[in-house]
Amino acid sequence: YLRVRNPGTDRCVGTSGNGLSNGRAIADWACTNDSAMAWYLDPNGMMINRAGPSWCADGSGGTAGKAVVIWLNWNLPNAPIWSRIGGAIH
């Protein structure tokens with residue numbers, strides 16, 4: 001598990017309030033060692049949160065302008081597929 005960090009702003013990706021619930025927003029926050037800021041990109045393209053290994057990032061179906069949120073893996077309407085290209089996650 002690693003932090004997803006923007007080196008330009010020194011902010012990290014985490015869930016709002018460091019909580020886990022379906023549809024909770026994922027946003028950039030001041031970097032901490034909180035487990036809700038640690039992520040694992042599994043071989044199937046699921047971005048899994050360390051705070052709850054059954055929770056993953058959902059890009060809202062890839063729709064532009066929509067928030068990235070967290071969902072229980074088995075509750076995802078469309079399984080998100082994330083990939084790492086160089087140092088970026090898409």
Hey, quick one: are Leu72 and Leu20 part of the same hydrophobic cluster, counting side-chain heavy atoms closer than 4.5 Å, chains of contacts allowed? yes
Between CG of Asn49 and SG of Cys56, what distance do you get to the nearest 0.5 Å? 9.5 Å
Separation between CZ (Arg11) and CG (Asn6), nearest 0.5 Å, reads 9.5 Å
Spatial distance of atom CG (Asp58) from atom CE (Met46) [nearest 0.5 Å]: 8.5 Å
Here the pair of heavy atoms bringing Ala38 nearest to Tyr1 is CB-CB, 3.9 Å
Closest non-hydrogen atoms of Ala57 and Val68, given as atom of the first, atom of the second and distance, are CB-CG1, 4.3 Å
Do Thr32 and Met37 touch side chain to side chain, with heavy atoms closer than 4.5 Å? yes
Enumerate the residue pairs fulfilling salt bridge (Lys or Arg N to Asp or Glu O under 4.0 Å) with a member in residues 40-50, sequence neighbours excluded, ordered by first and then second residue. none
Euclidean distance, Arg5 CZ relative to Asp28 CG, rounded to 0.5 Å: 12.5 Å
From CH2 (Trp29) to SG (Cys12), nearest 0.5 Å: 12.5 Å
To the nearest 0.5 Å, what is the distance between OG1 on Thr15 and CD1 on Ile70? 5.5 Å
Would Trp39 and Val13 count as a side chain to side chain contact (heavy atoms under 4.5 Å, CB included) here? Give the steps. CA-CA 9 Å; Trp39 301 89; Val13 173; 3.9 Å; yes
